[in-house]
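Here is the structure we will look at, set down as structure tokens.
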Amino acid sequence: MRTLISILVANALFMSGASLAADTDAQKIADLKQQLATINEDLDYLNSRVDKTERHTALDRIAITGDFRTKAHSLHYQNVTWNPAMNVNFSDFGAKAMSGAFGDPNSATSPLGQMMMANPDLASAFQSGMLQGVMPMLLGQKTQQDIDNDIFYTTRLRLNIDAKVWDNVSFAGRLTMFKSWGDSAGVKVFDSWNSFTMDGTSSGSTSGDELKVERAYFNWKDINGSGTYLSIGRRPSTYGPPNHYRENELRGGTPSGHLVNFNFDGLTLGYNLGDITGIEGQTVRFCYGQGFESQYGNGELFGDIITKDTHLGGFNIDVINDGNHFLQFTLFGAKDVNDGFTGTMAFPTQLAGIFAPTMYQDMQKFDNFNFVTRVQPSGVIGDMYLGGLGYAYETDDDLKMFASLGWTRAEPNGNAGLFGGMLSDAVFEAELNSTGTEIIMVPKETVDSDTKDGYGIYVGMQIPAPYGKFGLEYNYGSKYWSPFTQAQDDPIGSKLATRGHVAEAYYIFDINPKMFIKLAGLYYDYEYTGSGSPVGAPMKVDDVIAGSAYSMLPVVDTAYDINASLTVNF
């Protein structure tokens, strides 16, 4: 464009110069110079306009928006109890010991003799015949305490990227940074399943100051005019309804937030049924995804294949979505669930003292060091199914009410890893290590392999209030309740995964349409252990506190979180 304008100016100067050669009038020369100066100014202005238009057209292909949230919590835990033990098949142990498989019990150098000297109480009970069948073997002294984290700050930055590819094709993505103040390590000490950072929870677990891809997918709408759409990529599977109300944002995910708040990669094939039924917003979707890759990158290509890919599939149907009424039905399954996902953690010193005594001897010399390790599952433990029905009502004057009912089913196969099988504890058997110098305990099977059903309820309301809105929520999960909501960013743990009761109250102050302050309080009353994990048998929290039940990880009785946050949308 600038080249074309320059040629036009040169031609104008040439033609003007030819006419001026025959005209020597000084005034006309002065007038012509002024006209040329004016033309140059106009040309510069037009050129800048063209450059801006071209630049704007290019940038219009990509729209970047986002939100920034800073939050302060005061976290308090009551009756935190650690009472570790494992179920050991002592009949098997006794038979092997009597056969001499573990060496002479009276020899200080034999594996059995060393074990008896290191565990005198166990030796006494064994010799007196008190250990028969499958019984708990204590791994440490029970501890109990209250824990207060008076101030805990976090910062969350989310960048949304949207691009129009074609008339019916678009791309959407979201990059997320979520960190606690003063910590960019991105790896937490493994003291609960909530601290285990993995692919599905990276958006809701504090993981340092780097941006992570929470979402990246394309939408291909109205394929060949059929009303069908296809979407493939890292799915929008977090902050679904009705969980978005407490976030003070629009619906952020496709599936029910009561059942799913978990990142995964996959696809959605959907159809707008409303075009046929006449019911506004009625949409049916088939969703498929993969939660775990068992071979590539997991060291199983050498033939030692012990896990399987975890595949997810099911249906999500918006029965009604007309702006006032929202009714959603969800049903899906997870096939070949392993006893965990690939992740990273800092190994706690306390567990080293139990499971790695040789390593523990050196770790005591560096009590402020933790070694970071990559963790992967040890085997397939069964299948899971989840279903739910949720309803929300919104009035034209901004009153919102909702209720959701969820169901989960676990179908164990009897396999077990270190922390157990699917909703069942492991039974360990004693074996010699590869060198024949030490007795180790190896998980062989689960205590039971019965099908286990769980349920959860979630209700709440949000009403207009001075300067903003006020909300109340309550949820309950039964003994075997096991939803996929581990990416929820509540620091105590996903409230919707709780096996027990959670009550929440909050007040949102709208500073302007793009900025708000939220004051909130959550109270957790746990009834059973293991909230947020399908691995291991849930135990009554009261029994663990009383010492009649055991848990490999610390158990929380009650807890509360008082927090304040400031959110800016841009």
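Everything quoted here is computed from the prediction, not taken from an experiment.
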(message) Closer than 3.5 angstrom, by distance alone: can the side chain of T201 be matched with the main-chain N or O of M198 as a donor-acceptor pair?
(response) yes

(message) Using only atom types and a distance under 3.5 Å, with no angle test, would you say the side chain of S195 pairs donor to acceptor with the backbone of S192?
(response) yes

(request) Please answer whether the main-chain N or O of G420 pairs with a side-chain N or O of D425 as donor and acceptor at a distance below 3.5 Å. (result) no

(message) According to salt bridge (Lys or Arg N to Asp or Glu O under 4.0 Å), who are the partners of K452, at least two apart in sequence or on a separate chain?
(response) D448

(message) Can you tell me how far apart OG (S478) and OH (Y528) are? Round to the nearest 0.5 Å.
(response) 8.5 Å

(request) May I ask you to check whether Y476 and Y474 place their ring centers less than 6.0 Å from one another? (result) no

(request) Answer yes or no: is there a side-chain heavy-atom contact under 4.5 Å between H73 and I562? (result) no

(message) Are W481 and H258, when compared by the centres of their aromatic rings, separated by less than 6.0 Å?
(response) yes

(request) Give a yes-or-no answer on whether the side chains of Q78 and Y524 include a donor-acceptor pair shorter than 3.5 Å. (result) no

(message) Counting the benzene-type ring for Trp, do F509 and Y467 have ring centres under 6.0 Å apart?
(response) no

(request) Locate the shortest heavy-atom distance separating P136 from A85; write the atom from each residue and the value. (result) CB-CB, 4.3 Å

(request) State, with a plain yes or no, whether a side-chain heavy atom of M384 is found less than 4.5 Å away from one of E411. (result) no

(message) For D490, is there an ion pair with R246 - N to carboxylate O distance below 4.0 angstrom?
(response) yes

(request) Please report the C-alpha distance between R69 and D67 in whole Å, then the side-chain angles of each, then the deciding distance to 0.1 Å, and finally whether the salt bridge (charged side-chain N to carboxylate O under 4.0 Å, His left out) criterion is met. (result) CA-CA 7 Å; R69 185 190 74 187; D67 61 80; over 6 Å; no

(message) Can you tell me how far apart OG1 (T283) and CD1 (I317) are? Round to the nearest 0.5 Å.
(response) 10.0 Å

(request) Using distance alone, with no hydrogens and no angle criterion, decide if D309 and S294 have a side-chain donor and acceptor under 3.5 Å apart. (result) yes

(message) We want to know whether E473 and Y458 form a side-chain donor-acceptor pair, criterion being a heavy-atom distance below 3.5 angstrom.
(response) yes

(request) Indicate yes or no for a side-chain donor-acceptor contact from N338 to the backbone of I381 under 3.5 Å, with no hydrogens or angles considered. (result) no

(message) Using side-chain heavy atoms (C-beta onward) and a distance below 4.5 Å, is D146 in contact with Y77?
(response) no

(message) Donor-acceptor pair, distance only, cut-off 3.5 Å: does the side chain of D162 make one with the backbone of A172?
(response) no

(request) Could you tell me whether K212 and D199 have a side-chain N and a carboxylate O separated by less than 4.0 Å? (result) no

(request) Measure the spacing between OH of Y507 and CG of L519 and express it to the nearest 0.5 Å. (result) 10.0 Å

(message) I'd like to know if the side chain of R215 pairs up with that of T238 as donor and acceptor (distance under 3.5 Å, no hydrogens or angles considered).
(response) yes

(request) Indicate yes or no for a side-chain donor-acceptor contact from K188 to the backbone of N194 under 3.5 Å, with no hydrogens or angles considered. (result) no

(message) Does atom CD1 (I151) have a neighbourhood of more than 12 heavy atoms from anything else shown, all under 6.0 Å?
(response) yes

(request) Can you sort out the partners of D542 under salt bridge (Lys or Arg N to Asp or Glu O under 4.0 Å), two or more places apart, ordered by chain and number? (result) none

(request) Examine distances only and state if a side-chain atom of N83 and a backbone atom of A549 form a donor-acceptor pair shorter than 3.5 Å. (result) yes

(request) Give a yes or no on whether the backbone of V380 and the side-chain of N415 come within a donor-acceptor separation of less than 3.5 Å. (result) yes

(message) Quick check on the 6.0 Å ring-centre criterion: do Y391 and F402 meet it?
(response) no

(message) Could you check whether any side-chain heavy atom of T268 comes within less than 4.5 Å of a side-chain heavy atom of R235, counting everything from C-beta outward?
(response) yes

(message) Name the residue from P242, P236, P241 that meets the side-chain contact (heavy atoms from CB on, under 4.5 Å) definition with R251.
(response) P241

(message) Does R409 form a salt bridge (charged side-chain N to carboxylate O under 4.0 Å, His left out) with D383? I'd like the steps, not just the answer.
(response) CA-CA 8 Å; R409 166 168 287 188; D383 302 326; over 6 Å; no

(request) Over 60° means perpendicular and under 30° means parallel, so classify the ring planes of Y153 and W181, tilted if in between. (result) parallel

(request) Examine distances only and state if a side-chain atom of D318 and a backbone atom of L327 form a donor-acceptor pair shorter than 3.5 Å. (result) no

(request) For residues F355 and F347, establish whether the separation of their ring centroids is below 6.0 Å. (result) no

(message) How long is the straight-line distance from OG1 of T176 back to CZ of R158, given to the nearest 0.5 Å?
(response) 6.5 Å

(request) Salt-bridge test for D561 and K71: reply yes if a basic N is under 4.0 Å from a carboxylate O, no otherwise. (result) no

(message) Name the residue from W193, F196, F262 that meets the ring pair (Phe, Tyr, Trp, His ring centres under 6.0 Å) definition with F341.
(response) F262

(request) Look only at the side chain of S482 and the backbone of Y480, and say whether a donor-acceptor pair between them is shorter than 3.5 Å. (result) yes

(request) Examine the side chains of Y385 and K335 and answer whether a donor and an acceptor come within less than 3.5 Å of each other. (result) yes

(request) Step through it carefully: locate the ring centre of F419, locate the ring centre of F190, and say whether they are under 6.0 Å apart. (result) yes

